[in-house]
2 protein chains.
Amino acid sequence: MDITPFLDKKSKIPLYEQLYSFFKQEISHARIAKGTKLPSKRRLSSLLDVSTATIERAYEQLTAEGYVKSKPKIGWFAAEVEPDFPSAPDHFQQSAQPGSHKKNAPAIDFYQGNVDPAHFPFTAWRKSIVKSLDRYSDSFHTSGDPQGEYELRHTIARFVRLSRGVNCDPGQIIIGAGTTVLLQILCLMLKPGTKIGFEEPGFHRSRKIFEANRMNVIPICTDAEGVLPDELYRRNPYFMYTTPSHQFPLGTIMTITRRQELLAWAAKSNSFIIEDDYDGEFRYSGHPIPSLQGLDPNGRVIYLGTFSKSLLPSLRLSFMIVPPELMKSIKNNAELMKQTVSAHSQFALADFIETGEWQKHINRMRGLYRKKHAVLLEAIRSELGNIVEILGKNSGLHILLRLLFPASEDEAIKTAANNGVTIYPVSPSYKERTPFVSVLIGYGGLSEEDIRLGIQKLKTAWAPLISPY
Amino acid sequence: MDITPFLDKKSKIPLYEQLYSFFKQEISHARIAKGTKLPSKRRLSSLLDVSTATIERAYEQLTAEGYVKSKPKIGWFAAEVEPDFPSAPDHFQQSAQPGSHKKNAPAIDFYQGNVDPAHFPFTAWRKSIVKSLDRYSDSFHTSGDPQGEYELRHTIARFVRLSRGVNCDPGQIIIGAGTTVLLQILCLMLKPGTKIGFEEPGFHRSRKIFEANRMNVIPICTDAEGVLPDELYRRNPYFMYTTPSHQFPLGTIMTITRRQELLAWAAKSNSFIIEDDYDGEFRYSGHPIPSLQGLDPNGRVIYLGTFSKSLLPSLRLSFMIVPPELMKSIKNNAELMKQTVSAHSQFALADFIETGEWQKHINRMRGLYRKKHAVLLEAIRSELGNIVEILGKNSGLHILLRLLFPASEDEAIKTAANNGVTIYPVSPSYKERTPFVSVLIGYGGLSEEDIRLGIQKLKTAWAPLISPY
DNA sequence: GGGTATTTGTCCGTATGTATG
DNA sequence: TCATACATACGGACAAATACC
């Protein structure tokens with residue numbers, strides 16, 4: 001047992017905590033047997049050249065958590081701890097040694113759900129959280145408003161009107177821990193077998209939610225302008241799920257005429273449209289088109305928004321704007337489920353938006369993503385120019401690569417993986433047959449350099465797949 | 001000498017100055033004899049929950065003015081001082097007394113879901129949150145592990161084993177934003193019409209979740225020992241939902257024999273038991289009985305735990321421990337729903353538990369609730385002694401009052417409301433007929449004084465309902 | 001076997017750095 | 001910039017347990 005190399009006096013992590021983590025690891029992994037006498041304060045202190053009080057503090061903390069026991073005037077002893085599970089990732093060891101890069105560099109991950117890790121306004125966000133903790137501490141002892149805290153709903157209502165042209169009052173907003181939770185609340189009001197129109201292709205996670213709730217999911221084809229209204233008249237679903245601002249996965253932006261046709265259909269057939277605006281904040285070219293919800297005078301649109309892309313995926317905070325006609329039954333179900341987002345997160349987000357930090361962040365990110373987007377397109381053009389076609393390049397945080405060479409989706413993904421690049425299949429987005437071979441490329445979470453590198457690697461990976469003639 | 005009430009953290013007067021004034025008063029009024037050793041920096045610091053440096057600053061100022069003398073490495077001692085004017089007004093006592101009661105006092109709310117608002121270890125919790133923000137910022141840019149962050153699951157596994165006798169490894173744990181979300185995930189794996197045994201009476205919110213998911217909810221009667229196993233053999237549901245550690249709403253604690261019978265039934269019939277341990281941390285008398293999960297060698301128990309009662313309702317954090325046989329399908333559904341709790345909350349809670357703060361808090365709360373509980377019982381005995389019967393008085397944060405006078409539940413609640421007391425109906429807990437008239441009294445969120453006052457008001461409210469003969 | 005020096009945990013005051021408003 | 005408060009780390013005084021002579 002040698003601690004010396006684990007103590008880093010220059011680290012930001014306090015000395016006593018480094019010691020604490022070390023012993024915690026050793027004991028819980030049974031590398032120090034229970035009952036073993038630990039080195040005395042003074043011995044360790046002179047060995048490691050730190051104060052005895054530092055050692056003492058580490059031991060004290062370990063005592064508080066039951067890892068060691070102290071016998072006064074005798075010594076400290078490792079306590080009995082459940083053996084740790086061997087597969088447990090040694091998180092502490094890794095985080096304590098930030099310098100050591102793995103030999104096998106992690107794959108470059110083009111996952112569409114990731115966002116830029118480097119430019120998040122951490123200080124401001126932290127400030128909002130701390131502020132909300134201090135200011136709203138009175139509200140934390142109840143489970144809170146099942147729809148979500150009024151402050152946040154009010155803020156969202158105001159903001160969404162300005163930025164997305166969505167009209168609503170706070171009473172129509174339901175806060176939830178992710179779009180899936182909100183869709184789940186929606187499903188609770190529907191009988192199994194209810195007809196749900198769903199873009200084909202479309203966002204598979206949402207489709208699976210409907211399917212798991214035993215809805216009758218009807219694929220509705222899309223073209224370059226968006227959902228085809230004829231199909232809707234023919235199949236006449238009760239709900240129609242769509243992603244008009246940036247169709248998933250194709251990336252098309254629904255035209256204004258198509259939007260109006262959709263709304264007309266909904267009004268005529270007493271159906272509802274679910275508008276999932278999952279990354280509507282990021283548009284790079286062309287005029288912004290108002291949301292379906294904002295265009296709709298008849299209250300036929302359920303609007304879904306999220307802060308996963310525009311703030312932090314790990315925050316798990318989305319919202320749903322419900323038309324008055326559905327409000328009562330959805331509210332009932334929301335109350336049944338209770339609120340799913342912690343009050344402090346809600347207050348923090350409200351503050352973050354109110355202080356203008358969110359807007360600043362989005363603006364900054366839009367610029368960054370625009371640049372990444374350009375880098376990606378350029379890299380693809382130069383590296384893969386004649387073997388792929390790019391689809392959906394005007395907004396959002398992902399594009400589609402249609403393969404112009406005879407390889408299966410599976411082959412394309414596997415060879416990429418073997419070359420250290422993770423890309424994603426498009427076929428799950430289709431309920432029925434997939435018309436052409438393509439892969440999903442999300443670039444939000446990668447640096448410009450990694451984007452270039454990743455595309456280069458793709459070229460290498462795919463080279464053998466291209467027929468030689 | 002008790003300083004606690006004199007320290008007002010929200011005051012504009014600096015903390016060190018409040019301390020300084022206090023000791024100056026005490027010493028110059030000779031309430032502290034000369035030569036007395038003053039409490040050490042650390043002792044005071046932990047007692048008052050301020051930094052040691054703050055105490056030091058106060059002592060220093062006192063030293064400078066000759067009120068105390070410092071002996072290095074030994075302590076601080078009160079010095080000899082001219083006695084001050086004896087009639088000096090105790091300025092602090094006034095400013096610290098927040099006692100100005102409002103004229104229109106809000107209703108006294110006996111809601112069972114509320115918890116004590118005054119004794120939450122706010123500083124420690126805040127510290128855990130800030131620490132998790134600082135230390136895990138790398139993890140926030142992805143949506144995280146759908147089951148929940150490994151650190152938290154590991155911590156919960158360890159803790160639940162020690163405190164509730166539950167056996168599991170972190171891989172079996174699913175974190176979710178509330179018990180309802182977890183039950184919802186459970187329901188996604190069940191066909192509509194699946195038979196769910198449900199305690200009669202039972203926790204209505206859970207029942208409604210099953211019903212909303214179109215399960216076939218079968219009421220299973222309970223007696224003083226818990227669920228009746230005969231009923232189970234007769235009706236043979238696939239899942240049986242129960243609250244063995246503190247039956248909701250009756251408050252009975254399931255006996256060990258009954259527990260074993262239940263487990264035997266589940267093993268024999270290949271069914272599963274859902275053990276909802278919603279407030280198992282709080283038990284006031286009798287021996288602790290191990291959880292069903294801990295007694296079960298056959299993996300037939302799904303254990304539900306929550307931090308709503310034992311920490312903060314607004315945190316929205318619960319967990320589910322899944323037996324291996326169900327793991328695969330439940331995991332699938334959890335992945336479909338994605339994780340519903342923000343990563344920073346998860347890391348913060350893991351830290352809060354790991355640093356021993358949670359245990360401290362529970363211990364403290366158990367004592368407080370025990371006292372409130374005693375106050376409540378005493379108040380009921382003295383005020384309502386002969387018109388009600390108390391049910392379920394050995395654990396948890398609520399009791400049941402059975403009305404011994406001829407009034408309806410509705411009447412009892414309405415007259416109470418008219419007298420400024422909110423109490424809750426028991427009838428929603430019953431799926432079928434309610435056998436006797438009773439009301440639900442939760443006391444976790446009320447002060448001892450309000451508990452007494454509330455019961456007094458109940459007496460006044462109900463007086464007219466009692467037949468005069 | 002009894003006294004003494006040493007080891008050890010516990011408690012203490014002090015100094016310096018850092019975050020916040 | 002400055003006041004307030006907290007966090008981290010240091011080194012010494014003390015008394016009990018232990019080891020040694």
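Proteins get letters first, then strands, A, B, ... in listed order; numbering begins at 1 in each.
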Exercise. May I ask you to say whether B:Asp145 pairs ionically with B:Arg153, meaning some side-chain N is under 4.0 Å from a carboxylate O?
Key: yes

**Prompt:** Does a side-chain N-to-carboxylate-O contact under 4.0 Å join A:Glu357 and A:Lys360?
**Reply:** yes

Whichever of A:Pro72 and A:Lys9 has the more 5' nearest nucleotide on DNA chain D, that residue is A:Lys9

Would you mind classifying the nucleic acid contact of [X] as base, sugar-phosphate or nothing, using non-hydrogen atoms under 4.0 angstrom?
| X | answer |
| --- | --- |
| B:Arg126 | nothing |
| A:Tyr59 | nothing |
| A:Lys131 | nothing |

OP1 or OP2 of [N] less than 4.0 angstrom from a side-chain nitrogen or oxygen of [X], does that happen here?
| X | N | value |
| --- | --- | --- |
| B:Thr54 | D:dC6 | yes |
| B:Tyr16 | D:dA5 | no |
| A:Lys127 | C:dT20 | no |
| B:Arg57 | D:dT4 | yes |
| A:Thr52 | D:dA9 | no |
| B:Ser40 | C:dC12 | yes |

I need the [atom1]-[atom2] distance between [X] and [N], as an integer number of Å.
| X | N | atom1 | atom2 | value |
| --- | --- | --- | --- | --- |
| A:Gln61 | D:dA9 | CD | P | 12 Å |
| A:Lys71 | D:dA17 | NZ | C1' | 12 Å |
| A:Lys73 | D:dC14 | NZ | P | 13 Å |
| B:Leu44 | D:dC6 | CG | C1' | 16 Å |
| B:Trp76 | C:dC11 | CH2 | C1' | 13 Å |
| B:Phe77 | C:dC12 | CZ | P | 10 Å |
| B:Glu56 | D:dC10 | CD | P | 17 Å |

Return the nearest nucleotide to the side chain of [X]; candidates are [options].
| X | options | value |
| --- | --- | --- |
| A:Leu15 | D:dA15, D:dA7, D:dC10 | D:dC10 |
| A:Pro14 | D:dA9, C:dG13, D:dA5 | D:dA9 |
| A:Ser70 | D:dT8, D:dG11, C:dT10 | C:dT10 |
| A:Ala53 | C:dT8, D:dC6, D:dC10 | D:dC10 |

Between the side-chain atoms of A:Arg42 and the base atoms of C:dG9, is any donor-acceptor pair under 3.5 Å? yes

- Is there a donor and acceptor pair closer than 3.5 Å between the side chain of A:Lys41 and the base of C:dT10? yes

Notebook entry, point to check: Aromatic ring centroids of B:Phe307 and B:Phe319 under 6.0 Å?
Noted result: yes

All heavy atoms of B:Ile27 vs all of B:Ala79, minimum pair found to be CG2-O, 4.1 Å

- Using distance alone, with no hydrogens and no angle criterion, decide if B:Thr52 and B:Ser45 have a side-chain donor and acceptor under 3.5 Å apart. no

**Message:** In terms of relative ring orientation, are B:Phe120 and B:Phe122 parallel, tilted or perpendicular, with 30° and 60° separating the classes?
**Reply:** perpendicular

